[in-house]
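Below: the structure, in structure tokens.
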Amino acid sequence: MTNSSVKFITIEGMEGAGKSTNLSYVIDFFQQRGIEFAATREPGGTEISEKIRHLLLEHHTETLAPLAELMLIFAARAQHIDKVIKPALDAGQWVICDRFTDATYAYQGEGRQLGGKKVELLERFVQQELQPDLTIILDVPVALSAARVEQRGGELDRFEVEDSDFFQRVRDAYHQRADAAPERYALIDASQPLLKVQAELLGILERLLD
Ligand code: TMP
């Protein structure tokens, strides 16, 4: 990174963890302090990567092989890094990304049971040295996640239709990653009232700016 004070922040969490609401809170935090940032998301973030996102989330008449899913995610990521993330960091902007490679370890590595080795191989190949400085994980139990998704209503995407075993593996993977590198992760209990979640977020962001 060219400017050592500039940071790459990613936000993770399962369906129904309140990621959108809390992401808006993080964005407001940076706006209020006049800090330049790029807010983006994965899969997606560029015209081509958003097309790949549609492919990944839509239902198809043929099943998508887990390995093909993994490769599509990294194809979208390579484009996103090249067109959005690196240029922003190089220009001295912070980057706030709604999901990144931790989601791949959780959903493809463990959810789809491809294993972490394949994810790691592609991570090295596609990202080289690029890693988030901070990853915020909004954690909710699987049953609460499912209840919130049901309450929201509407059509379920290709991931949301997965069963509770899949999401338990996803959640366990996030926990394992946070436990293995506590200096890089902030795991927040997102089943708490929103005000408490945001008080924790505020503390984390203020410490980051210090
Ligand atoms: P979203 O719900 O945060 O918009 O993300 C869309 C879905 O994509 C979500 O169910 C998680 C999934 N996903 C993966 O399976 N692997 C990944 O690497 C990423 C970034 C997302």
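Just so it is clear, the model here is predicted, and its values are computed rather than measured. Remember, it's 1-based here, ligands and their atoms both numbered in the order they're listed.
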Does Arg112 have a non-hydrogen atom less than 4.0 Å from ligand 1?
no

If we number the atoms of ligand 1 from 1 as shown, the ones under 4.0 Å from a heavy atom of Arg77 are 18 (O), 20 (C)

the protein heavy atom lying closest to atom 10 (O) of ligand 1 turns out to be Glu15 OE2, 2.6 Å

ask   = Do Ile52 and Ile73 share a hydrophobic cluster (ILVMFWY, side-chain heavy atoms under 4.5 Å, transitive)?
value = yes

Near Tyr107 (heavy-atom distance under 4.0 Å), the atoms of ligand 1 are 10 (O), 11 (C), 14 (C), 15 (O)

Next item on the list: Assign the ring pair Phe167 / Tyr107 to parallel, tilted or perpendicular, where the plane angle (0 to 90°) is split at 30° and 60°.
Entry: perpendicular

Could you go step by step and tell me if Arg152 and Glu15 meet the salt bridge (charged side-chain N to carboxylate O under 4.0 Å, His left out) rule?
CA-CA 11 Å; Arg152 188 194 66 200; Glu15 287 63 17; over 6 Å; no

Does ligand 1 have an atom that lies less than 4.0 angstrom from a heavy atom of Glu69? no

Judged by heavy atoms only, the candidate from Arg99, Glu160, His80 nearest atom 5 (O) of ligand 1 is Arg99

Under 4.0 Å between heavy atoms, the region of Thr101 that gets near ligand 1 turns out to be neither

Cation-aromatic face contact Arg171/Tyr174, 6.0 Å, 45 degrees
no

Atom 16 (N) of ligand 1 sits nearest the protein heavy atom Gln108 OE1, 2.8 Å

> Counting only N and O atoms by type, is there a donor-acceptor contact under 3.5 Å from the side chain of Thr135 to the main-chain atoms of Thr10?
Replying inline: no

Rounded to the nearest 0.5 Å, the CD atom of Glu155 sits from the CD atom of Glu58 at a distance of 10.5 Å

With hydrophobic residues grouped by side-chain heavy-atom distances under 4.5 Å, do Leu202 and Ile96 end up in a single group? yes

Under 4.0 Å between heavy atoms, the region of Lys19 that gets near ligand 1 turns out to be side chain

Contact region, Pro43 to ligand 1, non-hydrogen atoms below 4.0 Å, reads both

Ranked by distance from atom 4 (O) of ligand 1, the top protein heavy atom is Arg53 NH2, 2.7 Å

inquiry  = Under 4.0 Å, counting heavy atoms only: does Met14 come that close to any atom of ligand 1?
reply    = no

Within the 4.0 Å heavy-atom cut-off, what Thr104 brings close to ligand 1 is both

*Would you say Arg99's side chain and Gly13's backbone share a donor-acceptor pair under 3.5 angstrom?*
yes

The closest protein heavy-atom partner of atom 17 (C) of ligand 1 is Ala103 CB, 3.6 Å

In Lys117, Lys118, Arg124, the residue satisfying side-chain hydrogen bond (donor to acceptor under 3.5 Å, both in side chains) with Glu120 is Arg124

Is the closest heavy atom of Leu57 to ligand 1 under 4.0 Å?
yes

| So, do Phe100 and Phe8 have ring centers that fall under 6.0 Å from each other? | yes

So the atoms of ligand 1 within less than 4.0 Å of a heavy atom of Glu42 turn out to be 20 (C)

